[in-house]
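This report refers to the structure that appears directly beneath it.
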Amino acid sequence: MLYEPNEAYQANGTATLVDGVYGNKQYFKKNWLGFNGKDLVATIDMAEPVSFSNVELNVVDQNASWIYYPQAVKVYVSQDNQNFTLVQEVGKEVIAKSKGTIKLSFEKQHAKFVKVEVQHLNKIPAGSGGAGSPAWLFVDELSVY
């Protein structure tokens, strides 16, 4: 991961994203990685090139707790972990309709590395509790299939 989660919301570290255990959207401590004012940028090494056409992840939207859906999610692929190609991205509208489970589908890819970038909201909007403060981003269970 490019940025480490906040120390209060590390769960089991990076393994939390791929351990097959889904976090409860009402209880944020266990099985979630929490980022305060930072994006999640995770690169998965598939060990060898594999074919896939979907990436799925879970996020939380609990504005009273200063936790917001991301503003964008992007998926990149690479053979060498150096040169990445964007294969799909979704914005706020799609994310808002996702109810916390964001699924990105795209033309079948065959790659060794998958990078997922989940962009936090930046600042909490005016008129909301904590307005102007960095928004929290909570992410769990990143699946590639």
Point-to-point distance, once rounded to the nearest 0.5 Å, from CD of Gln10 to CG of Asn12: 10.0 Å
Min side-chain heavy-atom separation Val114-Thr43 under 4.5 Å: no
Main-chain N/O of Ser105 paired to Gln88 side chain as donor or acceptor, under 3.5 Å: yes
Looking at His110 and Gln79, what are the two nearest heavy atoms and their distance? O-NE2, 2.5 Å
Kindly indicate whether the side chain of Leu142, heavy atoms from C-beta on, has any atom under 4.5 Å from the side chain of Ile44. yes
Shared hydrophobic cluster for Leu137 and Val94 (ILVMFWY, side-chain gaps under 4.5 Å): yes
Please name the pair of heavy atoms, one in Ile124 and one in Gly129, separated by the smallest distance, quoted to 0.1 Å. CG2-O, 3.4 Å
Sub-4.5 Å side-chain heavy-atom contact between Trp66 and Ser128: no
Going only through I, L, V, M, F, W and Y residues with side-chain contacts under 4.5 Å, is there a path from Val118 to Leu2? no
Determine whether Val116 and Val144 make a side-chain contact, defined as any pair of heavy atoms from C-beta on separated by less than 4.5 Å. no
Heavy-atom closest pair (Asn54 atom, Phe106 atom, distance to 0.1 Å) is N-CZ, 3.7 Å
Taken to the nearest 0.5 Å, the spacing of Leu104 CG from Ser98 OG works out to 10.0 Å
Could you give the distance from OG (Ser51) to CE (Met46), rounded to the nearest 0.5 Å? 10.0 Å
Single-linkage hydrophobic cluster Ile102~Val21, side-chain heavy atoms < 4.5 angstrom: no
Nearest heavy-atom neighbours spanning Ser143 and Tyr22: OG-OH, 4.0 Å
Side-chain heavy atoms of Leu33 within contact of Asp140, under 4.5 Å: no
Within a strict 4.5 Å, meaning less than it, do heavy atoms of the Met1 and Val41 side chains meet? no
Indicate the atoms forming the closest heavy-atom contact of Trp32 with Asn58, along with that distance. CZ3-O, 3.5 Å
Can you tell me how far NZ of Lys115 sits from CG of Asn81, rounded to the nearest 0.5 angstrom? 8.0 Å
Taking the six-membered ring for Trp and the single ring otherwise, decide whether the centroids of Phe138 and Tyr9 are under 6.0 Å apart. yes
Can a side-chain donor-acceptor contact be found between Glu117 and Gln119 if the only test is distance below 3.5 angstrom? yes
For residues Tyr3 and Trp136: do they belong to one hydrophobic cluster (side chain heavy atoms under 4.5 Å, members Ile, Leu, Val, Met, Phe, Trp, Tyr)? no
Could you go through Phe52 and Val77, starting from their C-alpha distance and side-chain angles, then the distance that decides it, and tell me whether this counts as side-chain contact (heavy atoms from CB on, under 4.5 Å)? CA-CA 10 Å; Phe52 57 92; Val77 296; 3.6 Å; yes
With sequence neighbours excluded, residues passing salt bridge (Lys or Arg N to Asp or Glu O under 4.0 Å) with Asp45: Lys112
Compute whether any side-chain donor of one residue and acceptor of the other, for Ser78 and Asn83, lie under 3.5 angstrom apart. no
For the residue pair Tyr145 / Glu56, report whether a side-chain donor-acceptor contact shorter than 3.5 Å exists. yes
Given Asp19 and Glu141, is the side-chain contact (heavy atoms from CB on, under 4.5 Å) satisfied, shown in steps? CA-CA 7 Å; Asp19 62 5; Glu141 228 39 52; 2.8 Å; yes
Sole residue of Pro134, Pro70, Pro5 in side chain to side chain contact (heavy atoms under 4.5 Å, CB included) with Phe35: Pro5
Working for side-chain contact (heavy atoms from CB on, under 4.5 Å), residues Thr101 and Val59: CA-CA 6 Å; Thr101 299; Val59 294; over 6 Å; no
Quick check for you: to the nearest 0.5 Å, what is the distance between Lys25 atom NZ and Ile67 atom CD1? 12.5 Å
Who else is in the cluster with Tyr76 when I, L, V, M, F, W and Y are joined by side-chain contacts under 4.5 Å? Phe84, Leu86, Phe113
Shortest non-hydrogen contact between Gln71 and Ile95, atoms and distance: C-CD1, 4.0 Å
